[in-house]
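Since the structure comes first, as structure tokens, the remarks are kept for the end.
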Amino acid sequence: MKNALAVFFLLIILILSACNDVVDNEPEESIDASTDQIHGRDNKARILMVDTDLEVKNGWHIAPEGVSTMTISVEAENVETILFWITPTGTGTWGERTLIGHDIDGNDGWSIEWEFGDRIFHDHITVQALGSDFTTLASETLNVHSVNEADGE
């Protein structure tokens with residue numbers, strides 16, 4: 001119950017922080033807890049792999065016409081919660097991000113299945129791993145682009 005309450009409050013804080021107007025708060029690669037470094041422990045959050053069930057072409061995950069869902073899978077360690085955000089491409093767009101899902105139970109793997117409908121993509125999906133030590137954060141970003149089959153784009 002204590003962990004569930006901590007995760008709940010952490011999610012509330014993160015969601016509220018997503019509503020601010022600050023656009024320069026792009027996610028860092030990871031933030032290390034200095035106490036872990038001092039004590040020689042390596043319990044920081046790590047993302048080992050992020051992938052989708054979409055085809056990858058030239059570094060972009062391609063959402064073909066007619067596809068309306070995607071599964072985003074994450075391999076991570078020392079993690080309590082995974083957050084999934086979508087952000088438009090461009091400079092300074094982190095403030096325009098939208099939370100598209102989260103996973104608080106890694107027992108069955110870290111993932112979400114996202115029903116996005118007929119959305120047209122040219123976006124970034126950022127995966128944030130909140131550390132089980134409640135002090136570290138790791139993030140990875142995927143590029144997603146829609147393709148019109150008739151035009152080949």
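Small disclaimer: the values here were computed from a predicted structure and weren't measured. Hydrogens, waters and symmetry mates play no part in the numbers below; they use all other heavy atoms, side chains included.
Within the model, atoms CG of Asp123 and CH2 of Trp60 stand 8.0 Å from one another, a figure rounded to the nearest 0.5 Å. Interatomic distance, Leu130 CG to Leu137 CG, rounded to the nearest 0.5 Å: 6.0 Å. Taking CD of Glu140 as the start and CD1 of Ile82 as the end, the distance is 10.5 Å to the nearest 0.5 Å. Summarising the geometry, atom CZ belonging to Phe116 is positioned 6.0 Å from atom OG belonging to Ser68; distances are rounded to the nearest 0.5 Å. Rounding to the nearest 0.5 Å gives a distance of 6.5 Å between CG of Asn43 and CG of Asp133. Rounding to the nearest 0.5 Å gives a distance of 10.5 Å between CD1 of Ile86 and OG1 of Thr93.
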Derivation and outcome, side-chain contact (heavy atoms from CB on, under 4.5 Å), residues Trp114 and Thr69 = CA-CA 5 Å; Trp114 181 35; Thr69 63; over 6 Å; no
query = Going through the distances and angles, do Asp51 and His61 end up as a side-chain contact (heavy atoms from CB on, under 4.5 Å)?
reply = CA-CA 9 Å; Asp51 201 8; His61 293 254; 3.4 Å; yes
ask   = Which is it for His102 and Ile104 under the side-chain contact (heavy atoms from CB on, under 4.5 Å) test, yes or no, and what are the steps along the way?
value = CA-CA 7 Å; His102 70 282; Ile104 60 171; 3.7 Å; yes
ask   = For Thr141 and Val127, what are the C-alpha separation, side-chain angles and deciding distance, and is it a side-chain contact (heavy atoms from CB on, under 4.5 Å)?
value = CA-CA 6 Å; Thr141 300; Val127 175; over 6 Å; no
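For CG of Asp105, the number of neighbouring non-hydrogen atoms (other residues, nucleotides, ligands) closer than 6.0 Å is greater than 12. A 6.0 Å sphere centred on CG of Asp118 holds no more than 12 heavy atoms belonging to other residues, nucleotides or ligands.
Checking side-chain atoms of Asp103 against main-chain N and O of Ser111 turns up a donor-acceptor pair under 3.5 Å. Looking at Asp53, its side chain never comes within 3.5 Å of a backbone N or O of Met70 through a donor-acceptor pair. Counting only distance, with no hydrogens or angles, the side chain of Ser146 and the backbone of Phe121 share a donor-acceptor pair below 3.5 Å. Between the side chain of Arg97 and the main chain of Trp94, a donor-acceptor pair closer than 3.5 Å is present. Looking at Thr52, its side chain never comes within 3.5 Å of a backbone N or O of Ile72 through a donor-acceptor pair.
A donor-acceptor contact under 3.5 angstrom links the side chains of Gln128 and Trp85, judged on distance only. His124 and Thr87 share no donor-acceptor pair across their side chains, judged by distance under 3.5 Å alone.
Criterion: ILVMFWY side-chain heavy atoms under 4.5 Å apart, direct or through other members. Under it, Val79 and Ile125 are part of a common hydrophobic cluster. Note on Val67: it clusters hydrophobically with Phe84, by side-chain heavy-atom contacts below 4.5 Å among ILVMFWY residues. By the criterion of side-chain heavy atoms lying less than 4.5 angstrom apart, applied directly or through intervening Ile, Leu, Val, Met, Phe, Trp or Tyr residues, Ile100 is grouped together with Leu142 in one hydrophobic cluster.
Heavy-atom minimum distance, Ile62 versus Leu54: O-CB, 3.4 Å. Taking every heavy atom of both residues into account, Ala45 and Gly131 meet most closely at CB-CA, 3.6 Å.
Counting heavy atoms from C-beta outward, Ile120 and His122 have side chains that stay 4.5 Å or more apart. The closest side-chain heavy-atom distance from Trp110 to Ile47 is not below 4.5 Å. Side-chain contact between Glu77 and Leu48: present, with at least one pair of heavy atoms (C-beta onward) separated by less than 4.5 Å.
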